[in-house]
Amino acid sequence: MQSEPVKARGMVVVMSGPSGAGKGTLSRALLRAFPRMRFSVSATTRPPRPHEEPGRDYIFLSEDAFHRMQGEDAFLEWAEVYGNLYGTPRSEVDRLLEEGYDVLLDIDTNGAMQVRSRCPQAVLVFVVAPSMEELKRRLRGRGTESTASLKRRLAEARLHMALIGHYDYVVVNDGLDEAFQRLSAIITAERCRVSRQDPESLMRLSR
Ligand code: ADP
Ligand code: 5GP
């Protein structure tokens, strides 16, 4: 009889980095490549961008609705980022982990520090562009921000970068393929940690 493969428990993977560094692009590539990974859809008070779909990209909420969720302790973490509120709904993350999925969070540095203290096993990855010049080019090229929002995001990039020392890994997003390969290697290695394996499945290997 063929034995079952070792079952790994789901893990939380946090991706942070300056706006425009490529977190969204890399997240989408990871989700395509790792079928056992799911994206944690955040709630936000930011208005939707064209092409953003409620429920897929974000749960778009009024400030009142966001505050209600805060009052119900419904967020694993939350923060004000670039003048808007963002939060990770706790119930969805818990459900996915229980079902054995790895959960990918694209959240800011403040939120990442909250996740670190609540889920010490979480993997924290910081994504950066190869230079500030390139970051500016990418953020402008994306064409989603007003002049004021663009300025604010660039001004805050350095503040976010100062917290890089709290992360487990850094991925410089120079070429997309290369950055994706490095990110995949991180996920694969983290999944092989003995501490993430189901002890029952490991025992079965010696029977
Ligand atoms: P973030 O989610 O970190 O704000 P995005 O994923 O939206 O960043 O990327 C910002 C812009 O840069 C997008 O237009 C995206 O297509 C582009 N981009 C992402 N990665 C690269 C790369 N390695 N080389 C060139 N452009 C990139
Ligand atoms: P954007 O408005 O470009 O989609 O996101 C702006 C910033 O908010 C990004 O740095 C993104 O990582 C962060 N962000 C998105 N969702 C959350 C969340 O649920 N919590 C926190 N703390 N930050 C978030």
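Residue indices begin at 1 and follow the sequence shown. Each ligand, and each atom within it, is numbered from 1 in the order the structure gives. Here the structure is a predicted model, which means the values were calculated and not measured. No hydrogens, no waters, no symmetry mates; every other heavy atom, side chains included, goes into these values.
Taking a cutoff of 4.0 Å between a charged side-chain nitrogen and a carboxylate oxygen, E72 and R68 do not qualify as a salt bridge. A salt bridge is absent between E178 and R182: the closest approach of a Lys/Arg side-chain nitrogen to an acidic carboxylate oxygen does not fall below 4.0 angstrom. Under the 4.0 Å criterion applied to side-chain N and carboxylate O atoms, D168 and R116 are assigned as salt-bridge partners. Ion pair D57/R46 not flagged as a salt bridge, since none of the NZ, NE, NH1 or NH2 atoms sits closer than 4.0 Å to an Asp/Glu carboxylate oxygen. Using a 4.0 Å cut-off between charged side-chain N and carboxylate O, K151 and E145 make no salt bridge.
N173 places a side-chain N or O within donor-acceptor distance of the main-chain N or O of A21, the cut-off being under 3.5 Å.
Proximity of G141 to ligand 1 is not established, as no heavy-atom distance is less than 4.0 Å. The closest approach between R153 and ligand 2 falls below 4.0 Å for a heavy atom of the residue. Contact analysis puts D106 in contact with ligand 2, with a non-hydrogen atom separation below 4.0 angstrom. The shortest separation from a heavy atom of F75 to ligand 2 is not under 4.0 Å, leaving the residue out of contact.
At least one N or O atom of G87, backbone or side chain, sits closer than 3.5 Å to an N or O atom of ligand 2. Annotation: W78 places no N or O atom under 3.5 Å from an N or O atom of ligand 2; distance criterion only. Among the atoms of Y82, none of the N or O lies under 3.5 angstrom from an N or O of ligand 2.
There is a side-chain donor-acceptor pair under 3.5 Å between R153 and S149. E63 and T45 share no side-chain donor-acceptor pair at under 3.5 Å. N110 and Q114 are linked by a side-chain donor-acceptor pair at a separation below 3.5 angstrom, with hydrogens and angles left out of the test. Residues S195 and R193 have side chains that never bring a donor and an acceptor to within less than 3.5 angstrom of each other. At a cut-off of 3.5 Å, with distance as the only test, a side-chain donor of Y167 or S16 sits close to an acceptor on the other residue.
At the top of the distance list for atom 10 (O) of ligand 2, counting protein heavy atoms only, stands K23 CE, 4.0 Å. In terms of protein heavy-atom proximity, atom 4 (O) of ligand 2 is nearest to Y58 OH, 2.5 Å. Shortest contact from atom 10 (C) of ligand 1 to any protein heavy atom: G20 O, 3.6 Å. Protein heavy atom closest to atom 20 (N) of ligand 1, with residue, atom name and distance, is N173 ND2, 3.0 Å. In terms of protein heavy-atom proximity, atom 8 (O) of ligand 1 is nearest to G22 N, 3.1 Å.
Listed by number with element, the atoms of ligand 2 under 4.0 angstrom from any heavy atom of G111 are 22 (N). In summary, the atoms of ligand 1 found under 4.0 Å from a heavy atom of D174, numbered by their order in the structure, are 22 (C), 23 (N), 24 (N). Close contacts of ligand 2 with D108, meaning ligand atoms under 4.0 Å from a residue heavy atom, involve 12 (O), 13 (C), 21 (C), 22 (N), 23 (N), 24 (C). Ligand-side atoms of ligand 1 in range of K23: 1 (P), 2 (O), 3 (O), 4 (O), 6 (O), 8 (O), range being under 4.0 angstrom from any heavy atom. Less than 4.0 angstrom separates some heavy atom of A79 from each of these atoms of ligand 2: 22 (N). Distances below 4.0 Å separate heavy atoms of G24 from the following atoms of ligand 1: 1 (P), 2 (O), 6 (O). Atoms of ligand 1 found under 4.0 Å from any heavy atom of P18 (numbered from 1 in listed order, with element): 3 (O). Of all atoms in ligand 2, listed by their number and element, those nearer than 4.0 Å to a heavy atom of R49 are 1 (P), 2 (O), 3 (O), 4 (O). Under a 4.0 Å criterion applied to the non-hydrogen atoms of S19, ligand 1 contributes the atoms 4 (O).
Atom CZ of R158 has 12 or fewer neighbouring heavy atoms from other residues, nucleotides or ligands inside a 6.0 Å radius.
Considering R191, R196, R38 in turn, R191 is the only one that fulfils the salt bridge (Lys or Arg N to Asp or Glu O under 4.0 Å) rule with D102. Paired with F66 under the rule ring-ring contact (aromatic ring centres under 6.0 Å, His included), one option of Y58, Y86, F60, F75 passes, and it is F75.
Contact annotation for V81 and ligand 2: only side-chain heavy atoms (C-beta onward) come within less than 4.0 Å of the ligand. The side chain of R46, and not its backbone, has at least one atom closer than 4.0 Å to an atom of ligand 2 (non-hydrogen atoms only; side chain from C-beta on).
Around atom 6 (O) of ligand 1, the closest heavy atom drawn from T25, L176, L26 belongs to T25. Residue E77 holds the heavy atom nearest to atom 20 (N) of ligand 2 of all those in E145, E77, E156. The heavy atom nearest to atom 19 (O) of ligand 2, considering only S149, P47, S42, S40, is found in S42. The heavy atom nearest to atom 17 (C) of ligand 1, out of those in R28, R142, R138, R153, is found in R138.
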Item checked: Working for salt bridge (Lys or Arg N to Asp or Glu O under 4.0 Å), residues E133 and K136 -> CA-CA 5 Å; E133 263 319 298; K136 263 185 225 169; 3.5 Å; yes

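Remark: L183 CG to L104 CG distance equals 8.0 Å, nearest 0.5 Å.
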